[in-house]
Amino acid sequence: MNRIMKVGSALIEKIDSYKTDGLDREYPLDFEKIHMASSGTLGRILALKRGVEPEMAIISCILHDYGRIVTGYQKDHARNAYEPVKEFLKELGEFSKEEIEIVATAAKNHSSKDVVGTPIEEIVKDADVFDCWQYDVPMTRPEQKVRLERVLKELV
Ligand SMILES: [Fe+2]
C-alpha cells in the first residue's frame with residue numbers, strides 16, 4: 001500500500017470516528033470523503049500537467065480540509081488544519097518533518113485563493129475550486145471564481 005492510500009484510508013477511518021460526535025456540521029462527513037478523494041485525483045492531474053512531484057501534492061489535496069473535519073466548521077478551517085494535520089501525519093509514522101510541514105502548510109494556506117503560493121499550494125487551491133464546482137458547492141468570493149475559470153481553461 002503506498003503512502004497516498006495509507007493517508008486516504010487513515011482519513012476515512014478518522015472521518016468515520018466523527019460520525020457520532022453530534023456536531024451540527026456545515027458539510028456532511030460523506031461530502032468530506034468524496035471531496036478528499038476527488039481532490040486527490042485532481043491533484044495528480046494538475047501535478048503531472050505542471051511538472052510537480054505528485055505524491056506530496058496529492059496528499060496535500062487529500063488533507064486540505066482536515067481542519068473542517070476536526071472542528072465541523074468552515075470558519076477558519078484552513079488555519080485550524082495546521083496542527084491537526086501535523087499530528088495526523090506524525091501518527092502515521094511514514095513522513096519526514098519536512099514533508100509534514102509541506103502538507104500542513106498547504107492546508108493552512110489553501111483558503112487564500114487570491115495569493116499565489118508554492119506549486120503544491122497552488123495545486124491544492126485549484127483542485128479545491130474545481131472539485132467544489134463539480135458538486136455545486138457555492139463559491140461566492142471573486143478570487144474563487146477567477147481561480148475556477150483559470151483551472152477550467154487548463155483542464156477542460
Ligand atoms: Fe476543500
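If you read the sequence from its start, that first residue is 1, and numbering goes on from there. Start at 1 and go down the list; that is how both ligands and their atoms are numbered.
Cation-pi geometry between R68 and Y27 is met: the NZ or CZ atom falls under 6.0 Å from the ring centre, inside 45° of the normal.
Not one N, O or S atom of C132 sits under 2.8 Å from the Fe ion (ligand 1). For a distance bound of 2.8 Å, the N, O or S atoms of H35 include one lying that close to the Fe ion (ligand 1). Checking D131 against the Fe ion (ligand 1), every N/O/S atom stays at or beyond the 2.8 Å cut-off.
No hydrogens or angles considered: a donor-acceptor pair under 3.5 Å links the side chains of H35 and H64. D131 and S38 share a donor-acceptor pair across their side chains, judged by distance under 3.5 Å alone.
Between R50 and E154, at least one side-chain N (NZ, or NE/NH1/NH2) sits under 4.0 Å from a carboxylate O, which counts as a salt bridge.
The Fe ion (ligand 1) is the vertex of the angle joining OD2 of D65 and NE2 of H64, which measures 90° to the nearest 10°.
Counting only distance, with no hydrogens or angles, the side chain of S96 and the backbone of E99 share a donor-acceptor pair below 3.5 Å.
For D128, the N/O/S atom at the shortest distance from the Fe ion (ligand 1) is named OD1.
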